[in-house]
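Counting begins at 1 with the first residue of the sequence.
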Amino acid sequence: MSGERQPLVGVVLVSHSKEVAESVARLAAGLAGGGSPVPVAAAGGDADGGLGTSAELITRAVRQVDRGAGVAVLADLGSAVLTVQALLAEGDELPPHTQLVDAPFVEGAVAALVTASAGADLAAVAAAASDAYTYRKV
């Protein structure tokens, strides 16, 4: 055994707001704590920095975090989801093994980064993020 670490699943957070995407990325990375640092990127706002979504920013973020183990993409609202779906449908815009994950944005991001930092595969990262829908607060 060579002792080399396998690449980690990357995580991209797509929000209508640059500030929201970036702050959730920082929060999730901070809470992931002691594991390996997960490649994470925020793709928030439109190309001009306003509210909205940008296929170009999403594509750039996914390519930035892709290390060959897959990329989990979490999106906040309707058109962010639709933009990611359109990119996936085109088939050549995003790297292979890029998956849009149905998960709550904040809790799912934390679960995704914690799970990815432990070296889990894309299916496990996506499942952990989706499972965040079941977190009870009371």
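Applying the under-4.5 Å side-chain rule to Ile, Leu, Val, Met, Phe, Trp and Tyr, the cluster around V9 extends to L122, V125.
For the pair S130 and V101, the minimum side-chain heavy-atom distance is below 4.5 Å. Between P95 and V62, some side-chain heavy-atom pair lies under the 4.5 Å cut-off. Side-chain contact between L31 and L113 is absent, with no heavy-atom pair separated by less than 4.5 Å. Side-chain contact check for V71 versus Q99: every heavy-atom pair is 4.5 Å or farther apart.
In terms of heavy atoms, A47 sits closest to S54 at N-CB, 3.9 Å. Residue V114 comes nearest to S117 through the heavy atom pair O-OG, 2.7 Å, listed as atom of the first residue, atom of the second, then distance. Nearest heavy atom pair, residue I58 against residue A43, reads CA-CB, 3.9 Å. Pairing each heavy atom of A42 with each of E22, the nearest pair is CB-N, 3.7 Å. Taking all atoms of both residues into account, the shortest heavy-atom contact from F105 to L74 is CE1-O, 3.6 Å. Taking all atoms of both residues into account, the shortest heavy-atom contact from G108 to A103 is CA-CB, 4.2 Å.
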Does the pair K137 and E107 meet the rule for a side chain to side chain contact (heavy atoms under 4.5 Å, CB included), with working shown? CA-CA 12 Å; K137 296 183 176 136; E107 294 91 337; 2.7 Å; yes
List the steps and the verdict of side chain to side chain contact (heavy atoms under 4.5 Å, CB included) for L87 and T59. CA-CA 8 Å; L87 288 168; T59 300; 3.7 Å; yes
Do L8 and R67 pass the side chain to side chain contact (heavy atoms under 4.5 Å, CB included) test, and can you show the C-alpha distance, the side-chain angles, and the key distance before you say yes or no? CA-CA 7 Å; L8 297 176; R67 303 291 188 274; over 6 Å; no
Can you list the steps and then say if T98 with V73 is a side chain to side chain contact (heavy atoms under 4.5 Å, CB included)? CA-CA 7 Å; T98 299; V73 180; 3.8 Å; yes
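At a threshold of 4.5 Å between side-chain heavy atoms, the hydrophobic network of Ile, Leu, Val, Met, Phe, Trp and Tyr places V110 and V40 in one connected group. Hydrophobic clustering, with ILVMFWY side chains joined whenever heavy atoms are under 4.5 angstrom apart, groups L88 together with V65. Under the 4.5 Å side-chain heavy-atom criterion for Ile, Leu, Val, Met, Phe, Trp and Tyr, V14 and L57 are members of distinct hydrophobic clusters.
Between the side chain of S23 and the main chain of V20, a donor-acceptor pair closer than 3.5 Å is present.
Going from atom CG of D76 over to atom OG of S17 covers 8.0 Å, rounded to the nearest 0.5 Å.
Applying the salt bridge (charged side-chain N to carboxylate O under 4.0 Å, His left out) rule to pairs touching residues 39-64 yields E56-R60, sequence neighbours excluded. For residues 112-135, the set of pairs meeting the salt bridge (charged side-chain N to carboxylate O under 4.0 Å, His left out) definition, not counting sequence neighbours, is empty.
Side-chain contact of T53 with H16: a donor-acceptor pair under 3.5 Å is absent, judged by distance alone.
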